[in-house]
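Numbers here simply count residues along the sequence, with the first being 1. Indexing begins at 1, ligand by ligand and atom by atom, following the structure's order.
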Amino acid sequence: MNTDPILRIREYQRDRVNFVLENVDLAFANSLRRVMMADLPTVAIDLVEIEANTTVLPDEFIAHRLGMIPLVSTNCDVAMRYTRDCNCLENCAFCSIILSLHVTCNDSVTMDVTSHHLELQPHPDQGIEEAGEEQVKRVESFGSPIGKNEAGVDPILICKIRKGQELKLRCIAKKGIAKEHAKWSPCSAVAFEYDPHNKLRHTSYWFETDEKAEWPLGENAREEEPTREDEPFDFNAKPNKFYFDVETDGSLGAQEVVMKGIAELQKKLASLVWALRKVRSGENDMDMPSGGDQPSGDQATAASNGGWGSGSDSAGWGNPTSGGGGGSTGAWGGGASPSRSGGWGSNPGAGNPGIWSSSSPAAGGWGSPSAQANGWNV
Ligand SMILES: [Zn+2]
C-alpha cells in the first residue's frame with residue numbers, strides 16, 4: 001500500500017481551491033489548516049489618521065471598516081518587513097504602505113464611499129537608500145485594495161454620504177498575521193472535513209427524531225464507503241482522508257495560501273528539529289549563528305536560548321536539583337542561570353507561575369511576545 005501523502009485538487013479558482021489530502025495524520029492536516037488561516041502575513045490598514053469626517057459613522061467605526069478591506073499582498077512574506085523588525089521608528093517605505101481617501105458629496109444623492117476611493121500614495125521616505133530588497137519583490141498593485149483596477153470586481157462599501165458630507169483620511173497599512181488580528185488573515189473561510197460518515201464517532205449528532213434525515217450527508221460522503229449496518233466499530237481506526245476548501249479574501253491567491261502554508265509549517269517544524277538536534281548533540285553553545293540559515297528568526301533564537309537542555313549546567317526538562325523551585329515555576333524549568341537561559345519558565349525566584357514564560361524577555365524565550373507573535377502552538 002502506498003503511504004505517501006496524496007493531494008488531489010478537485011476544483012481550482014484564483015481565490016478558491018478544493019482539494020483532498022490523503023495519507024497524513026489528523027494533527028498534520030489540522031496544522032495545515034491553522035497555518036493557512038493564522039500564520040501567513042498579509043498587508044492590512046493598521047493606523048488611520050482622520051482629517052475630516054462629517055459622515056454619519058464615527059471615526060473608529062470607519063477605521064475598523066478600513067482595517068477589514070483586503071489589500072493586495074502577493075509575496076508579502078518577502079516583499080515587506082514587520083515594523084518590529086524594521087530600523088525605522090514608526091513607519092517607513094519598507095514596512096508600511098500609505099493609502100489616502102478624500103471624498104465629498106456635492107449632489108443631492110446618496111453616494112457610496114468605497115474601497116475604490118482609496119489611493120495608494122508613495123511613502124515620503126521612498127527612494128531613501130537603505131539595505132534591503134523588499135520593494136523590488138512587490139507587484140505593481142501591492143497594497144492597493146483588491147479589485148481596484150479590475151473590471152467587474154465590486155468595490156467594498158466603507159460608508160454612505162449625502163450632500164455636504166465629507167470623508168478625508170490617511171491610512172498606514174502594515175504587515176501582520178491573523179494571530180494578532182483577524183484582518184490579516186488571507187482566508188475568508190477554510191472548510192475542513194474528514195470521516196463524512198462519522199465511522200470514527202468523533203462527532204455526536206444532536207437530533208429530534210431521525211438522525212439520518214436531520215443530518216444529510218455532504219458532498220464528501222461520496223468519496224468514502226458508507227457504513228454498513230453490520231459493521232463493527234473499529235477502535236483503532238484513524239482518519240486518513242481530509243477534505244479542504246480554502247477560500248481567500250483576495251489578498252493572496254489560493255495557490256499562494258496553500259503553498260506558503262506548507263512552507264510555513266515546514267519552517268516551524270524545522271526550528272523544532274533544529275533545537276532538538278542541539279539537545280541530542282549536547283551542544284553547550286549559547287550563541288546563535290545569525291543570518292539566513294536560521295530556520296525561523298525568533299523561534300530558533302528562542303529555542304537556542306531557552307530550555308531544551310541548553311547546557312550541562314541547566315539540564316532542562318524540570319531537573320529538580322537545578323532550580324525551578326518546584327511547582328511554582330513549572331515542569332520545564334531547569335535554568336540554573338535564569339538571566340541567560342531564557343525560556344521554558346526557568347525563573348526560580350520571581351514566583352512566575354507560567355510554564356512557558358520567560359524570566360528574561362530579552363532572551364526571547366518561548367513565552368515572550370515575539371515568540372508568541374510568530375506562533376509555535378500549531
Ligand atoms: Zn520601517
Peer 1: Does a donor on one side chain sit under 3.5 Å from an acceptor on the other, for Tyr243 and Glu224?
Peer 2: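 Result is yes, a qualifying pair exists.
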Peer 1: So Arg10 and Asn220, side chain to side chain donor-acceptor pair (under 3.5 Å) or not? Walk me through it.
Peer 2: CA-CA 11 Å; Arg10 296 197 293 194; Asn220 298 328; 2.6 Å; yes
Peer 1: Which residues and atoms, protein N, O or S only, are under 2.8 Å from the Zn ion (ligand 1)?
Peer 2: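 As for protein N, O or S atoms lying under 2.8 Å from the Zn ion (ligand 1), they are Cys86 SG, Cys88 SG, Cys92 SG, Cys95 SG.
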Peer 1: What I'd like to find out is whether the side chain of Leu217 reaches to under 4.5 Å of the side chain of His197, using heavy atoms alone.
Peer 2: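 Yes. Closest side-chain heavy atoms under 4.5 Å.
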Peer 1: For a 4.5 angstrom cut-off between non-hydrogen side-chain atoms, does Phe233 reach Arg201?
Peer 2: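 Yes; the side chains approach each other to less than 4.5 Å.
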Peer 1: Looking at Glu150 and Arg14, is there a salt bridge between them, counting it only when a charged N and a carboxylate O are closer than 4.0 Å?
Peer 2: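 Counted as a salt bridge, because a side-chain N and a carboxylate O are separated by less than 4.0 Å.
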Peer 1: On the six-membered ring of Trp215, is Lys212 placed so that its NZ or CZ lies under 6.0 angstrom from the centre and within 45° of the ring axis?
Peer 2: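 Output no; distance or angle outside limits.
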